[in-house]
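Written out below as structure tokens is the structure these notes cover.
Remember, predicted model here, so these are calculated numbers, not experimental data. Note that the numbering runs from 1 along the sequence shown for the chain.
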Amino acid sequence: MLGAIIGDVVGSRFEFANIKRKDFYLFHENCFFTDDSVMTLAVAKAIMATGRITTSLDDYCRLLERNATKYLQ
């Protein structure tokens, strides 16, 4: 999770540029979080809010879908 968000922030300034170089500063003043970071956190929150499987798998999936929709919006 942390790696995904760090990767998103570090790569944010190259998002619309086709850069192949490997020599750049990881955290530059032009770096920012993107919608990918926000969506990653929303899905993680939905998974945590859904909790452990205490009922059938179908019920769990329906609850996870409802929570994911709620937090992604």
Side-chain angles (χ1 to χ4, degrees):
M1 171 75 95
L2 189 56
I5 294 171
I6 289 171
D8 182 49
V9 171
V10 168
S12 64
R13 64 188 177 123
F14 304 115
E15 190 166 7
F16 299 107
N18 193 8
I19 305 296
K20 300 290 185 188
R21 294 186 1 230
K22 296 179 183 175
D23 58 334
F24 57 87
Y25 292 107
L26 290 180
F27 295 102
H28 188 270
E29 64 185 25
N30 294 339
C31 291
F32 54 94
F33 71 94
T34 70
D35 61 327
D36 294 340
S37 292
V38 176
M39 295 297 135
T40 299
L41 292 170
V43 170
K45 188 170 183 177
I47 292 169
M48 292 187 301
T50 302
R52 304 178 112 190
I53 298 176
T54 56
T55 59
S56 71
L57 183 58
D58 288 337
D59 291 340
Y60 177 81
C61 289
R62 275 193 290 277
L63 181 57
L64 179 59
E65 181 180 1
R66 190 169 41 237
N67 284 336
T69 301
K70 173 183 172 183
Y71 292 119
L72 287 168
Q73 291 176 344

Exercise. Compare every heavy atom of Arg13 with every heavy atom of Asn30, then report the nearest pair and how far apart it is.
Key: O-CB, 3.8 Å
Exercise. List the atom of Tyr71, the atom of Lys45, and the distance in Å for their closest heavy-atom pair.
Key: CE2-CE, 3.5 Å
Does [X] belong to the same Ile/Leu/Val/Met/Phe/Trp/Tyr cluster as [Y], with side-chain heavy atoms less than 4.5 Å apart forming each link?
X: Phe14; Y: Leu26; result: yes
X: Val9; Y: Val38; result: yes
X: Ile47; Y: Leu72; result: yes

Quiz prompt | Note, Phe27 side chain near Val10 side chain (heavy atom, < 4.5 Å) | solution = yes
Quiz item: Can you find a heavy atom in the side chain of Ile5 that is under 4.5 Å from one in the side chain of Phe33?
Solution: no
Practice problem: Test Cys61 against every option in Leu57, Leu64, Leu63 by the side-chain contact (heavy atoms from CB on, under 4.5 Å) rule and name the one that passes. | Solution: Leu57
Quiz item: Could you state the interatomic distance from CG (Asp8) to CD (Glu15), rounded to the nearest 0.5 Å?
Solution: 7.0 Å
Quiz item: Where the side chain of Thr34 meets the backbone of Ser12, is there a donor-acceptor pair that is under 3.5 Å apart?
Solution: no
